[in-house]
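Each remark here refers to the structure printed beneath this line.
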Amino acid sequence: MYRPRQLNDRLTLYADSQCWIEGEALRQLERAAGLPGMVRAVGLPDLHPGKGGPVGAAFLSDGLFYPYLVGADVGCGMALFSTDLTMAKAKPERWSKRLHGLEESWDGDREAWLGERQALGAGFASSIGTIGLGNHFAELLTMQKVHDAEACRMLDIEAGGLLLLVHSGSRGAGETLLRDHADRFRDSPLVAGSCEAEQYLARHALANAYAAANRELIAYRLLEQLGSGYHRILDLAHNGIERTANGHFLHRKGAAPSDHGVVVIPGSRGSCSFLVMPVGGQADNLWSVAHGAGRKWSRSECEGRLRTKFPAASLQRTKLGSHVICEDRQLLYEEAPPAYKEIRTVIDALVSFGLVRVIAVLSPVLTYKVRRH
Ligand SMILES: Nc1nc2c(ncn2[C@@H]2O[C@H](COP(=O)(O)O)[C@@H](O)[C@H]2O)c(=O)[nH]1
Ligand SMILES: [Mn+2]
């Protein structure tokens, strides 16, 4: 088993020589780990630079916490659902023409949906059930390889069945939460127990609940169009702050919780995703593992790098044969598979550090990003 790199007495990096990590991401990680009140920090193998701080990292602080480290999409995460659909009867080409409307307001009872999920106070009811732009998506996947059949059986996952992975967050709720904080405190921390800290944490809890309710409604809306029910296998937020049992604050920014059982770690719409089971105590890695492959290229450089080799229309199919619904030319380039790092190096690193074991490898069938209105 490999040992992680101890960058200083409070900072550990879980990346081996195969993981490419940008210098700026390391600088951001070191800077954040050195902030007042920080007890410990970890960088994960998908580490890459972010707006305020690094993405692919977790931070433990004492007596105060830093909203800006978690950013505007509080509660953003991955939810995985089993469906009634099978690969044998899948019609991805037909579905890619038929599926629609996940960028438009849901015409069902939004208040009831939010209320039943303790998310009504978050506001932004008109956005519930919408994917949002950027890196968010809903994706049907098939099982490419099963490593642990018993674990799959326990999770109610069948080899020929299609799974639905939804990546979305708290939409306007998280955005206004960070904006309101930054207007008053910029990147300063909030002091534990202060009125401002309690107010922030209360809105954070609502944003988290909203994000999970959003992912479930996206699943419901998409699968309703395909005549399928669903069953939630997991829902894990990779951006957020939680109070630990001993009163510390655990920040996760692009870090999947590894203390709630099975985790799905996506690659890109053109590569595999992995279902993994965390193993061991997980305290050294702050109960967190990678949340994805992590970006290799910034959004602004993608079109320039890819345009000559890949006409926009060619990006609506992937080299794995899957279909992509994305009627936004710029987004097609910004989120193209080459913009992301190699997921296998991330998974190999997690396995070699003894943090997870692989249960199954999933392959994309159809990815829904956005339809033009
Ligand atoms: N299976 C898919 N994975 C994707 C897609 N687009 C991005 N990704 C992966 O998800 C994470 C999300 O990271 P975040 O920081 O934006 O929360 C990213 O690192 C990629 O590995 C996709 O369309 N399908
Ligand atoms: Mn996310």
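Side-chain atoms are counted along with the backbone in the values below, which use heavy atoms only and exclude waters and symmetry mates. The model shown is predicted, which means the values in this text are computed figures rather than measured ones. Counting starts at 1 for both ligands and their atoms, following the listed order.
Among the atoms of His238, an N, O or S atom falls under 2.8 Å from the Mn ion (ligand 2). Among the atoms of Cys76, an N, O or S atom is found under 2.8 Å from the Mn ion (ligand 2).
With respect to Lys369 and Glu139, no salt bridge is recorded, no charged nitrogen being found less than 4.0 Å from a carboxylate O. Using a cutoff of 4.0 Å between basic side-chain nitrogens and carboxylate oxygens, Lys296 and Glu342 are not scored as salt-bridged. Glu104 and Arg371 are not joined by a salt bridge, as no carboxylate oxygen comes within less than 4.0 angstrom of a charged side-chain nitrogen.
For Thr367, the heavy-atom gap to ligand 1 drops under 4.0 angstrom. Using a 4.0 angstrom heavy-atom cutoff, Gly254 does not count as in contact with ligand 1. Using a non-hydrogen distance threshold of 4.0 Å, His136 does not register as a contact of ligand 1. Look at Ser268 and you'll find a heavy atom under 4.0 Å from some atom of ligand 1.
Polar contact with ligand 1: present for His238 (N/O pair, distance under 3.5 Å). Annotation: His167 places an N or O atom under 3.5 Å from an N or O atom of ligand 1; distance criterion only.
Minimum heavy-atom separation, Asn208 to Gly75: OD1-CA, 3.3 Å.
Counting heavy atoms under 4.0 Å from ligand 1, residue Glu334 does not touch it at all. Contacts between Arg295 and ligand 1 below 4.0 angstrom, taking non-hydrogen atoms only, are absent altogether. Residue contacts with ligand 1, taken as heavy atom pairs separated by less than 4.0 Å, involve Ser273 solely via side-chain atoms from C-beta onward.
Around atom CZ of Arg5, no more than 12 heavy atoms belonging to other residues, nucleotides or ligands sit under 6.0 Å away.
In this structure, His238 has its ring center under 6.0 Å from that of His167.
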